[in-house]
Student: 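First, the structure itself, so that you have it in front of you.
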Amino acid sequence: MKLNLGVLAAAILMSANVSAADVYPSRPVRLIVPYAPGGSADIVARRISDEWAKALGGSIFVENKGGAGGNLGVDAVAKSAPDGYTIGLQTVSLAINPALFAKMPYDTLKDLAPIGMIASSQHVLVVNPKLPAKNTQELLALLKANPTKHSYGSAGAGSTFHMSAELFKTVAKVEILHVPYKGGGPALLDTMAGMVDMSFPVLSAAVPHVKGEKLRAIGVTGTKRSPLLPNVPTLAESGVPGYAFDTWFIAFAPANMPKPMIDKLNAALNTALNSPELKAKLINDGFDPTPSSPAEAQARVAKELVTWNKLIKERGITGE
């Protein structure tokens, strides 16, 4: 019997490719966080990476690649090979930045493939304790009586501190001077020092200072109270009906990644997020786990692209 070497070689190559796909991941997966270490996105990435890797049957290492409001790191994922070995984690900025920046290096909907939602985190409106406002109603009265007097500090133009405050101003129909800082830490320090009157930090950053009575919590930004500050009402229930804001975290891959890889990453991520141990750690850090399908993640991003484009254009906000 005459052996066809070409057919044999093709069969061996096909077998090798199938085997490689079956054992994905066969090497470490890089999870890019588009911000410097220590921020909320970095905390979430490092908190979930071990459990996610365990469920995936491989290893995941976190790489910080900050710059341009998160755009540099996201673009690095968008332009990477869709082979399952470079993925990213981003916040709600994935939906905010396209309206903030005149030129974007990637198209959020065309160049990225959502893997799934990870978690969400509320912000909290905090004021300097010397400010004569102990609740939302008193603060609104103070702001409306002095429309150009009071200020808030943010982690920078386009940050979630900034966006949650601008949404508050829009819904509550008040004006507060924006003072951008190079990070949330300096903004909080100046709020405690009285250099600015208030800020909208993430819960995890604010809770120690609220409990230490260096800041007064007026209201949380989400649709329900936080277990970290159970006696602090939501802003919606205490005087700003219709207001809701949270920072969400999403895992994503470059577009055109094979669906079986996306599905495997999603299944492993959801397994990790449903782990009682990881859930408890995230909640203790101020994050609410929000497992989802890739389609649900895509739908949320698409919806919020519209929402934030409208608000940012109306208020004339830029990230430049």
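We're numbering straight along the sequence, starting at 1.
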Student: Calculate, to the nearest 0.5 Å, the distance between atoms OG and CG belonging to Ser49 and Leu278 respectively.
Tutor: 9.5 Å
Student: Given side chains that start at C-beta, do those of Val126 and Pro201 come closer than 4.5 Å, heavy atoms only?
Tutor: yes
Student: Please examine the side chains of Phe252 and Leu265, heavy atoms only from C-beta on, and report whether any two atoms are closer than 4.5 Å.
Tutor: no
Student: How many angstroms lie between atom OG1 of Thr271 and atom CG of Asn274, to the nearest 0.5 angstrom?
Tutor: 7.0 Å
Student: With a 4.5 Å cut-off on side-chain heavy atoms, are Leu215 and Val127 touching?
Tutor: no
Student: Does CD in Glu314 sit with more than 12 non-hydrogen atoms of other residues, nucleotides or ligands closer than 6.0 Å?
Tutor: yes
Student: Check for me, please, whether Phe287 and Val220 land in the same ILVMFWY cluster - side-chain distances under 4.5 Å, paths through other members count.
Tutor: no
Student: What distance separates Phe249 CZ from Ser93 OG, expressed to the nearest 0.5 Å?
Tutor: 9.5 Å
Student: Check Ile115 against Pro294 and note the closest heavy-atom contact, atom names and distance.
Tutor: O-CG, 3.4 Å
Student: Determine, step by step, whether Leu142 and His150 satisfy the side-chain contact (heavy atoms from CB on, under 4.5 Å) criterion, reporting the C-alpha distance in whole Å, the side-chain angles of both residues, the deciding distance to 0.1 Å, and the verdict.
Tutor: CA-CA 9 Å; Leu142 188 68; His150 298 288; 3.6 Å; yes
Student: Do Met195 and Leu125 land in one hydrophobic cluster if side-chain heavy atoms of ILVMFWY residues count as linked below 4.5 Å?
Tutor: no
Student: Taking Glu237 for its side chain and Thr234 for its backbone only, find out whether a donor-acceptor pair lies under 3.5 Å.
Tutor: yes
Student: Do you know which two heavy atoms are closest between Ser151 and Val196, and how far apart they sit?
Tutor: OG-CA, 3.4 Å
Student: How many angstroms lie between CD in Glu51 and OG in Ser275, if you round to the nearest 0.5 Å?
Tutor: 4.5 Å
Student: Does the Ser80 side chain pair with the main chain of Val77, one donor and one acceptor, at a distance under 3.5 Å?
Tutor: yes
Student: Determine whether Asn266 and Asn270 make a side-chain contact, defined as any pair of heavy atoms from C-beta on separated by less than 4.5 Å.
Tutor: yes
Student: ring-ring contact (aromatic ring centres under 6.0 Å, His included) for Trp308 and Phe245? Distances and angles first, verdict last.
Tutor: CA-CA 11 Å; Trp308 289 110; Phe245 178 90; 5.6 Å; yes
Student: Any chain of hydrophobic side-chain contacts (each under 4.5 Å) joining Ile43 to Leu188?
Tutor: no
Student: With a 4.0 Å cut-off on N to O distance, would you call Lys144 and Glu175 a salt bridge?
Tutor: no
Student: Between atom OG1 of Thr136 and atom CG of Leu140, what is the distance when rounded to the nearest 0.5 Å?
Tutor: 6.5 Å
Student: Is there a donor-acceptor pair under 3.5 Å between the side chain of Arg30 and the backbone N or O of Tyr85?
Tutor: no
Student: Please check this pair: side chain of Asp107 against backbone of Lys110, looking for a donor-acceptor N/O pair closer than 3.5 Å.
Tutor: yes
Student: For the pair Lys79 and Asp75, evaluate salt bridge (charged side-chain N to carboxylate O under 4.0 Å, His left out) and give the outcome as yes or no after the intermediate values.
Tutor: CA-CA 6 Å; Lys79 290 180 170 54; Asp75 189 47; 2.6 Å; yes
Student: Does some side-chain heavy atom of Leu235 sit less than 4.5 Å from a side-chain heavy atom of Phe168?
Tutor: yes
Student: Scan side-chain atoms only and decide if Thr170 and Arg315 contain a donor-acceptor pair under the 3.5 Å cut-off.
Tutor: yes
Student: Could you report the tightest heavy-atom contact between Pro227 and Ile283, atom names first, then the distance?
Tutor: CG-CG2, 4.4 Å
Student: Checking Glu296 against Arg300 for the salt bridge (charged side-chain N to carboxylate O under 4.0 Å, His left out) test, could you report, in this order, the C-alpha distance in whole Å, the side-chain angles of both residues, the deciding distance, and whether it holds?
Tutor: CA-CA 6 Å; Glu296 289 167 335; Arg300 178 152 193 183; over 6 Å; no
Student: Looking just at side-chain N and O atoms, do Ser238 and Tyr243 make a donor-acceptor pair shorter than 3.5 Å?
Tutor: no
Student: Linking I/L/V/M/F/W/Y whenever their side-chain heavy atoms sit closer than 4.5 Å, directly or via other members, would Ile262 and Ile48 fall into one cluster?
Tutor: yes
Student: By the definition side chain to side chain contact (heavy atoms under 4.5 Å, CB included), identify the one residue from Val179, Thr191, Asn128, Leu131 that meets it with Asp197.
Tutor: Leu131
Student: Without hydrogens or angle criteria, can the side chains of Tyr35 and Asn64 be said to hold a donor-acceptor pair below 3.5 Å?
Tutor: no
Student: Give, for atom CG of Leu31 and atom CD1 of Ile87, the distance between the pair rounded to the nearest 0.5 Å.
Tutor: 5.0 Å
Student: Do the charged groups of Lys281 and Asp285 touch, with an N to O distance under 4.0 Å?
Tutor: no
Student: Between Trp52 and Phe61, is there a shared hydrophobic cluster once you connect ILVMFWY residues whose side-chain heavy atoms come closer than 4.5 Å?
Tutor: no
Student: Heavy atoms, side chains only, cut-off 4.5 Å: are His123 and Asp246 in contact?
Tutor: no
Student: Answer yes or no: does atom NZ of Lys169 have more than 12 heavy-atom neighbours from other residues, nucleotides or ligands under 6.0 Å?
Tutor: yes
Student: If you look at every heavy atom in Pro34 and Gln90, which pair is closest and at what distance?
Tutor: CG-OE1, 3.6 Å
Student: Assess, by modelled atom type and distance only, whether the side chains of Glu166 and Tyr152 contain a donor and an acceptor separated by less than 3.5 Å.
Tutor: yes
Student: So, for Leu89 and Ile118, which heavy atoms are closest and what is the spacing to 0.1 Å?
Tutor: CD1-CD1, 3.4 Å
Student: Taking the side chain as every heavy atom from C-beta outward, state whether Thr318 and Leu100 have any pair of such atoms under 4.5 Å apart.
Tutor: no
Student: Should the ring pair His178 and His162 be called parallel, tilted or perpendicular, given that the plane angle runs from 0 to 90° and is split at 30 and 60?
Tutor: parallel
Student: Under a plain distance cut-off of 3.5 Å, with no hydrogens placed, do Tyr24 and Asp83 share a side-chain donor-acceptor pair?
Tutor: no
Student: Could you tell me whether Arg46 and Asp42 have a side-chain N and a carboxylate O separated by less than 4.0 Å?
Tutor: yes
Student: Would a 4.5 Å heavy-atom cut-off, applied to side chains only, mark Asn97 and Thr108 as touching?
Tutor: no
Student: Checking the side chain of Asn284 only, and the main-chain atoms of Ala280 only, is there a donor and an acceptor separated by less than 3.5 Å?
Tutor: no
Student: Given Val232 and Arg225, is the side-chain contact (heavy atoms from CB on, under 4.5 Å) satisfied, shown in steps?
Tutor: CA-CA 7 Å; Val232 177; Arg225 297 191 183 199; over 6 Å; no
Student: What's the verdict on salt bridge (charged side-chain N to carboxylate O under 4.0 Å, His left out) for Lys224 and Asp288, showing C-alpha distance, side-chain angles and the deciding distance?
Tutor: CA-CA 11 Å; Lys224 60 182 180 181; Asp288 184 20; 3.6 Å; yes
Student: Keeping Ser199 on the side-chain end and Ser154 on the backbone end, is there a donor-acceptor pair under 3.5 Å?
Tutor: no
Student: Passes side-chain contact (heavy atoms from CB on, under 4.5 Å), Asn135 versus Ile218? Steps please.
Tutor: CA-CA 5 Å; Asn135 54 51; Ile218 297 295; 5.6 Å; no
Student: Checking side-chain contact (heavy atoms from CB on, under 4.5 Å) for the pair Phe161/Thr247: CA distance, chi angles, key distance, verdict?
Tutor: CA-CA 9 Å; Phe161 283 55; Thr247 293; over 6 Å; no
Student: Show the nearest heavy-atom pair for residues Leu269 and Met117, with the distance to one decimal.
Tutor: CD2-O, 4.0 Å
